[in-house]
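Down below is the structure, laid out as structure tokens.
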Amino acid sequence: MSALATDTAGTAPREEARPGLLERLGDRLNPLVVKEVRQGLRSRVFWVSFGLMLLSCFILSMVAYVATREGTLSTKGQGFFFGFYVCLAMVHFFIIPYSAYRSLAREREDETWVLLILTGLGPRRILRGKVTSFLVQAALYASAVGPFLLFSYYLNGIDLPTILLVLVLGASWLFFLTVVAVCAATLADGRIGRALVHLVLLGSLGMALLYGLIAAFFLSEQGYRYVAREDGFLIAVGACLWVMLTNGWLLFETAAARLSLATENYTWGPRLALTLQMVLTGVLLLGLLLWDSSSGGSVASAASVLGCVHLAVVGIFVATDVDGQARALRAHTRPWSLLRPGAVRGFRLVVLLMLGWTALCLGLFFMFGSGSGSGEAQLLGVLAAPAYTLFYLSLPLVVGRLPQSDRLASPAVVRVLFFSLSGLAGALLPLLAVLFDQRVDDPLFNLLNPFVGMDNFSDYNYSLDEPKMNLGLLACVWLVAVLTVFAADRALVERERRAHAAS
């Protein structure tokens with residue numbers, strides 16, 4: 001009896017021992033990551049893609065080995081590196097994002113999304129698990145091709161910094177495409193809409209694969225040492241990384257918001273991401289000009305145009321949120337609660353960000369602007385970009401939401417109106433100028449043209465030593481933009497009041 005008690009006492013601490021490191025990490029890890037990785041590793045797509053990729057890399061390595069033995073290989077590492085990278089890019093830039101899209105789309109088509117929500121993880125953690133699981137699978141593919149990529153370095157013709165640069169940019173492109181694919185799976189609810197999104201995504205991933213290969217070929221062909229000597233190369237690389245990472249974050253928050261319930265503060269994530277993106281971009285732009293202020297005026301003008309275009313494309317989705325709020329959210333909503341749901345608050349947030357970005361670009365222009373004669377044209381370009389953006393952002397809201405028809409005021413129709421009106425204005429106004437025997441870029445006929453008009457304001461007539469446009473014409477554009485913004489704001493306020501009264 002005493003021996004049994006001794007054995008029992010000796011084994012008790014072993015049964016109550018703390019779990020190991022791997023078990024504790026597994027408990028902390030998103031359970032959806034483990035589920036998706038296991039399911040992905042058991043799928044036929046993974047093993048077929050993995051096998052074909054390894055077979056292609058093995059054949060290329062055998063060709064390189066034979067060429068080395070025969071003495072016909074001299075500094076051909078760049079070509080074989082690109083060949084190995086093509087094998088990896090086919091998986092990273094097409095198969096992985098498409099598989100992520102199909103994984104989430106299948107959850108919604110089979111109506112198993114509700115079961116995932118009932119687990120208590122929430123849309124954001126579920127999407128984070130989906131994205132992370134496919135990035136883990138991408139890492140498995142990369143670990144298999146990694147030795148072949150390193151093998152190309154010993155064939156001469158390519159250096160390690162070039163290999164590292166291509167892989168870093170490729171990883172960022174992979175992350176961005178995966179998030180885009182996951183976000184695309186949340187866009188449509190009907191069968192026809194899903195089929196259309198499916199076709200568009202396939203074409204987009206095909207183009208993304210082509211762009212990724214072109215960039216990798218250019219970098220590997222030129223070499224890091226040659227390209228790094230070019231002015232602005234490192235800045236361009238940093239800008240590409242910043243755009244991919246921040247827009248990927250914004251798309252992720254948008255996808256999580258689309259899958260959230262109407263009673264939740266679902267717009268908080270994407271609107272905060274958009275605000276932080278613009279603020280941090282402005283800080284980086286200021287730091288860039290403090291580092292090199294040689295072309296401050298042109299940089300400020302280009303930043304104004306690019307920032308306004310970005311805010312216009314993103315803003316039309318923010319400003320076409322549903323009218324009104326759920327009853328549970330109204331009590332805590334204030335006039336300054338621009339991150340809360342509602343189309344009117346989204347529209348006001350975009351307008352505020354637009355004005356803030358314009359003020360930043362104006363400050364940068366006056367701090368680092370050019371003192372030459374073209375400086376006035378650059379200043380007009382800085383001020384013209386937000387005017388056109390505000391006008392064409394507000395116009396579809398006025399056209400779509402003033403009528404009493406709720407079908408015409410639906411978010412999808414208003415977004416189509418935004419792109420349609422912008423495209424028609426850019427094409428019909430130059431045609432109208434030609435019909436009246438005027439130049440295609442006539443300033444008066446293209447005063448409200450978002451493309452030619454903006455270019456005219458930034459143009460400087462060197463023969464006359466004066467800008468092509470003047471402050472009077474710019475004031476006309478701003479007057480039309482301000483009136484349209486006011487009309488759109490009043491229309492959204494009225495629609496929200498009607499929505500609250502109906503509920």
Side-chain angles (χ1 to χ4, degrees), residues 231-232 235-236 239 278-313 315 350-395 422 425-426 429-430 439-485:
D231 294 336
I235 296 176
M278 299 305 298
V279 171
L280 294 177
T281 303
V283 172
L284 291 177
L285 185 61
L286 176 60
L288 175 63
L289 288 180
L290 287 174
W291 178 50
D292 183 11
S293 60
S294 58
S295 58
S298 58
V299 170
S301 180
S304 177
V305 174
L306 294 176
C308 289
V309 170
H310 174 71
L311 283 174
V313 175
V350 174
V351 172
L352 184 62
L353 290 176
M354 193 84 64
L355 296 178
W357 183 256
T358 304
L360 172 67
C361 293
L362 278 176
L364 294 177
F365 178 82
F366 288 118
M367 290 173 61
F368 310 100
S370 173
S372 61
S374 61
E376 186 177 352
Q378 293 174 352
L379 177 60
L380 293 177
V382 171
L383 292 173
Y388 284 107
T389 305
L390 290 174
F391 174 66
Y392 281 97
L393 181 65
S394 307
L395 185 60
S422 303
L429 293 180
R439 294 178 55 184
V440 176
D441 60 344
D442 184 81
L444 293 180
F445 280 94
N446 292 281
L447 188 60
L448 295 180
N449 190 324
F451 307 108
V452 181
M454 193 180 303
D455 182 67
N456 285 339
F457 276 105
S458 303
D459 194 11
Y460 187 80
N461 194 338
Y462 288 96
S463 59
L464 300 177
D465 195 21
E466 63 180 11
K468 191 174 184 178
M469 308 292 277
N470 53 53
L471 286 175
L473 295 176
L474 180 62
C476 293
V477 178
W478 265 104
L479 178 61
V480 174
V482 169
L483 292 177
T484 312
V485 168

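All values below come from the heavy atoms of this structure, side chains included, with hydrogens, waters and symmetry mates left out.
The distance from atom CG of N456 to atom CG of L380, rounded to the nearest 0.5 Å, is 11.0 Å. If you take CG on L311 and CG on L390, they are separated by 9.5 Å, rounding to the nearest 0.5 Å. Annotation: the span from L383 atom CG to S458 atom OG amounts to 10.0 Å, rounded to 0.5 Å. Rounding to the nearest 0.5 angstrom, the gap separating the CG atom in L448 from the OH atom in Y392 is 5.5 Å. Remark: D459 CG to D441 CG distance equals 8.0 Å, nearest 0.5 Å. L360 CG to L353 CG: the interatomic distance, rounded to the nearest 0.5 Å, is 12.0 Å.
Across all their heavy atoms, L473 and F457 have their closest contact at C-CZ, 3.9 Å. The nearest pair of heavy atoms linking A312 to T389 is CB-CG2, 3.4 Å. Looking at every heavy atom in both residues, M469 comes nearest to L447 through CE-CD1, 4.1 Å. Smallest separation of non-hydrogen atoms from G426 and P450: N-CD, 4.2 Å. Pairing each heavy atom of A300 with each of C361, the nearest pair is CB-O, 3.7 Å. Taking every heavy atom of both residues into account, S301 and V382 meet most closely at CA-CG2, 3.5 Å.
Counting heavy atoms from C-beta outward, L471 and L474 have side chains that approach closer than 4.5 Å.
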Next on the checklist: Show, in sequence, the C-alpha distance, side-chain angles and deciding distance for F391 and V477, and conclude whether the side-chain contact (heavy atoms from CB on, under 4.5 Å) test is met.
Outcome noted: CA-CA 8 Å; F391 174 66; V477 178; over 6 Å; no

Checklist entry - What's the verdict on side-chain contact (heavy atoms from CB on, under 4.5 Å) for L286 and F368, showing C-alpha distance, side-chain angles and the deciding distance? => result CA-CA 10 Å; L286 176 60; F368 310 100; 4.2 Å; yes

Item to check | Step-by-step side-chain contact (heavy atoms from CB on, under 4.5 Å) determination, L429 to V452 | outcome: CA-CA 9 Å; L429 293 180; V452 181; over 6 Å; no

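Annotation: side-chain hydrogen bond (donor to acceptor under 3.5 Å, both in side chains) contacts of D442 (sequence neighbours excluded): none. Residues that satisfy the ring-ring contact (aromatic ring centres under 6.0 Å, His included) test with F445, not counting sequence neighbours, are F436.
Judged by distance alone, with hydrogens and angles left aside, the side-chain atoms of N446 form a donor-acceptor pair with the main-chain N or O of V440 at under 3.5 Å. The backbone N or O of M354 sits less than 3.5 Å from a side-chain atom of T358, completing a donor-acceptor pair. Y388 places no side-chain N or O within 3.5 Å of a backbone atom of F451 that could act as its donor or acceptor partner. Under a 3.5 Å cut-off, the side chain of W357 and the backbone N or O of A303 do form a donor-acceptor pair.
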